[in-house]
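This report refers to the structure that appears directly beneath it.
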Amino acid sequence: MSEGKNKNLNVVYLHGRPSAHSLHSSLAASVAKEFKFVDSPVRWQDKNRHIIFDILSWVLNAFLFKDKKKYDIFLVDNLHVTPIIMRKLGLISKKQKLIVHMGSHTLYFMYSGRFASLNLRLHKYALRNYDAILCEGMMAKELSVLLLKEQCPPAYVTFIGPHSHRIKELQKQIPDLSSNNIIIIGSGPAQFRMFYKGLDLMIKSFDRAFSRNKALKLTVVGNWNREIIDYCLKDISMAAAAAINFTGVINDTGALVRFISGSALCIHCTRGDAFPTSTMEVMAAGVPVLVSEWTGTKEIVKNISTDLISPLNEESISEKILWYFALSNEAKIILSNASREAVKNFTEENAILHYQRTFEKITEELQINDW
């Protein structure tokens, strides 16, 4: 817990299953005294039951949540309804504040029509009834305002940064910019993760680029099962498929670093990935990243070159890939050096400090008096 103004506030962090993102947990630990599952005591989130069961669970958890009156702030990881039910039913007081941390695909899915009408209305209702939104990156804030317009709660921008031990190792690397190697880093295995990570889109884009440059090779790092892999490969040429290597999960940092440093380009053209740390990691290693217009870290990439930001379609992405590999080695080195420079301050330590300061600003502006 921060030793600043907020040291006396009683903040509980509510997160999903199996756990919160490790970097989200690090941020939350700097301001929250307790961590609890948002679906406790009636567990629903990983049960895959009917929506009626889920709704009943939300209501029951609102009543059964232990010691709900003692907390000054409920800090909620991603958009959940139970805290809103607590407030609407008078189970917590108006002085107790609800803050939601939005750092996932949810906002983009709401914006792009991925949610059914009833589900979308429910999500919008929940979001506008929070007291403040902690937005992971500028894209999340922009989407919040687009979705809720004048009903949007106060939105504050924060960020996450890669773990320090990985950054130090990556900063030592000299990438093989003369190679024809491309890397994708992202994990599933669920199909919705394939969609928002853009894996299918990027593989089709690679296929188009490969048809014009058969020296290209692609490495996909992450947990993707055979069903997802077959789905992504089913409509591309056999030659392009043979040029793709699916490594599976790589837990060894040294092995991952070798794959990154052996690459000339990373592509991360996602459908709403909020603020992916993998993009910052590869940039720290000097590997330029091609992102989509709906990838949160475009706010970093635009300071390197707007040519590294693509519209969200396979034709545009493939053209960007071909453009990059047609550059001179000197031009790639310039982009490589600019990539390292652009992410040098996006560390876990700086992210935690920024999060604490932002949290203090929120509590001041919400006029919470028990600081």
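When atom types are taken as modelled, the side chain of Asn181 and the backbone of Ala264 share no donor-acceptor pair closer than 3.5 angstrom. Checking side-chain atoms of Thr347 against main-chain N and O of Asn350 turns up a donor-acceptor pair under 3.5 Å. In terms of modelled atom types and a separation under 3.5 Å, the side chain of Ser316 and the main chain of Asn313 share no donor-acceptor contact. Side-chain atoms of Trp224 come within 3.5 Å of backbone N or O of Gly186 as a donor-acceptor pair. Using a distance-only test at 3.5 Å, with no hydrogens or angles considered, a donor-acceptor pair links the side chain of Ser187 to the main chain of Asn223. Judged by distance alone, with hydrogens and angles left aside, the side-chain atoms of Thr295 form a donor-acceptor pair with the main-chain N or O of His268 at under 3.5 Å. With hydrogens and angles ignored, the 3.5 Å screen pairs no side-chain donor or acceptor of Lys95 with any backbone N or O of Asp72. Between the side chain of Lys70 and the backbone N or O of Asp67, no donor-acceptor pair lies under 3.5 Å. Here the side chain of His50 pairs a donor or acceptor atom with the backbone of Ile52 at under 3.5 angstrom.
At least one cation-pi condition fails for Lys36 and Tyr71: the charged atom is not both under 6.0 angstrom from the six-membered ring centre and inside a 45 degree cone around its axis. Arg87 forms no cation-pi arrangement with Phe74, by the criterion of a distance under 6.0 Å to the ring centre and an angle within 45° of the ring axis. In this structure, Lys234 is positioned above the aromatic face of Tyr231, its NZ or CZ under 6.0 Å from the six-membered ring centre and within 45° of the axis.
Between Ile133 and Cys152, some side-chain heavy-atom pair lies under the 4.5 Å cut-off. Side-chain atoms of Ser339 and Val287, non-hydrogen and from C-beta on, never get closer than 4.5 Å to each other. Side-chain contact between Ile84 and Tyr125: present, with at least one pair of heavy atoms (C-beta onward) separated by less than 4.5 Å. The side-chain heavy atoms of Glu349 and Ser164, taken from C-beta on, include a pair separated by under 4.5 Å. At a threshold of 4.5 Å between non-hydrogen side-chain atoms, the residues Glu142 and Glu299 do not count as touching. Residues Arg43 and Phe37 form no side-chain contact, since every pair of their non-hydrogen atoms from C-beta on lies 4.5 Å or further apart. Put simply, the side chain of Phe195 does not reach to within 4.5 Å of the side chain of His105, judged on heavy atoms. A heavy-atom distance below 4.5 Å is found between the side chains of Lys88 and Asn129.
Taking CD of Glu315 as the reference point, atom OG of Ser310 lies at 10.0 Å (rounded to 0.5 Å). Note that the NZ atom of Lys33 and the CG atom of Asn10 stand 5.0 Å from one another [nearest 0.5 Å]. With rounding to the nearest 0.5 Å, the separation of NZ in Lys298 from OG1 in Thr270 is 10.0 Å. For the atom pair CG (Asp252) and CZ (Phe259), the distance works out to 10.5 Å, reported to the nearest 0.5 Å. To the nearest 0.5 Å, atoms NZ (Lys332) and OG (Ser178) are separated by 7.5 Å. Distance check, rounded to the nearest 0.5 Å: OH of Tyr196 to OH of Tyr108 gives 13.5 Å.
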Point to revise | Stepwise side-chain contact (heavy atoms from CB on, under 4.5 Å) check, Cys269 with Leu290 | key: CA-CA 7 Å; Cys269 297; Leu290 172 62; 4.1 Å; yes
Review point. Does the pair Asp77 and Val38 meet the rule for a side-chain contact (heavy atoms from CB on, under 4.5 Å), with working shown?
Key: CA-CA 9 Å; Asp77 186 48; Val38 74; over 6 Å; no
Practice item. Please lay out, stage by stage, how Leu335 and Ser305 fare under the test side-chain contact (heavy atoms from CB on, under 4.5 Å). Key: CA-CA 8 Å; Leu335 292 175; Ser305 172; 3.9 Å; yes
Practice item. Verify side-chain contact (heavy atoms from CB on, under 4.5 Å) between His101 and His21, making sure each step is shown before the conclusion. Key: CA-CA 12 Å; His101 179 128; His21 188 294; over 6 Å; no
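Residue Tyr13 forms a side chain to side chain contact (heavy atoms under 4.5 Å, CB included) with just one option from Leu75, Leu27, Val31, and that option is Leu75. Considering Arg17, His15, Lys47 as possible partners of Asp39, the one that fulfils the side-chain hydrogen bond (donor to acceptor under 3.5 Å, both in side chains) test is Arg17. Tested against Val221, the residues Ile260, Asn245, Ile184, Ile250 include a single side chain to side chain contact (heavy atoms under 4.5 Å, CB included) partner, Ile250. Met102 pairs with exactly one of Leu134, Val76, Asn78 by the side chain to side chain contact (heavy atoms under 4.5 Å, CB included) rule, that one being Asn78.
Cluster membership for Val59 and Phe53, using ILVMFWY side-chain heavy atoms within less than 4.5 angstrom, is shared. Hydrophobic clustering places Tyr156 together with Val100 (ILVMFWY residues linked when any side-chain heavy atoms are closer than 4.5 Å, directly or through intermediates). Ile185 and Val249 fall into different hydrophobic clusters, where Ile, Leu, Val, Met, Phe, Trp and Tyr residues are linked whenever their side-chain heavy atoms come under 4.5 Å apart, directly or through other members. The hydrophobic cluster containing Tyr111 also contains Leu122, counting ILVMFWY residues as joined when their side-chain heavy atoms lie under 4.5 angstrom apart, directly or transitively. Cluster annotation: Leu312 and Ile267 are assigned to the same hydrophobic cluster (Ile/Leu/Val/Met/Phe/Trp/Tyr, side-chain heavy-atom contacts under 4.5 Å, transitive).
Within a 6.0 Å sphere centred on NZ of Lys361, heavy atoms belonging to other residues, nucleotides or ligands number 12 at most. For Glu227, the CD atom counts as loosely surrounded, since its 6.0 Å shell holds 12 or fewer non-hydrogen atoms of other residues, nucleotides or ligands. Within 6.0 Å of NZ in Lys217 there are 12 or fewer heavy atoms belonging to other residues, nucleotides or ligands. Shown here is Ile51, whose CD1 atom has more than 12 heavy atoms of other residues, nucleotides or ligands within 6.0 Å. The number of heavy atoms from other shown groups lying within 6.0 Å of NZ (Lys94) does not exceed 12. No more than 12 heavy atoms of other residues, nucleotides or ligands shown are found within 6.0 angstrom of NZ on Lys66.
A donor atom on one side chain and an acceptor atom on the other are not found under 3.5 Å apart for Asp207 and Ser205. No hydrogens or angles considered: nothing links the side chains of Thr358 and Thr158 as a donor-acceptor pair under 3.5 Å. Side chains of Ser117 and Arg121: a donor on one and an acceptor on the other come within 3.5 Å. With hydrogens and angles left out, the side-chain atoms of Glu348 and Ser26 include a donor and acceptor closer than 3.5 Å. Residues Asn61 and Thr82 bring no donor and acceptor atom of their side chains to less than 3.5 Å of each other.
Using cut-offs of 30° and 60° on the angle between ring planes, the pair Phe159 and Phe346 is perpendicular.
Between His123 and Phe109, the gap from one ring centroid to the other reaches at least 6.0 Å.
Between Glu341 and Lys344, at least one side-chain N (NZ, or NE/NH1/NH2) sits under 4.0 Å from a carboxylate O, which counts as a salt bridge. Electrostatic pairing of Glu169 and Lys172 counts as a salt bridge here, judged by a charged N lying under 4.0 Å from a carboxylate O. A salt bridge between Lys302 and Glu293 is absent, with no side-chain N of the basic residue lying under 4.0 Å from a carboxylate O of the acidic one.
Remark: Arg49 engages no residue in a salt bridge (Lys or Arg N to Asp or Glu O under 4.0 Å) (not counting sequence neighbours).
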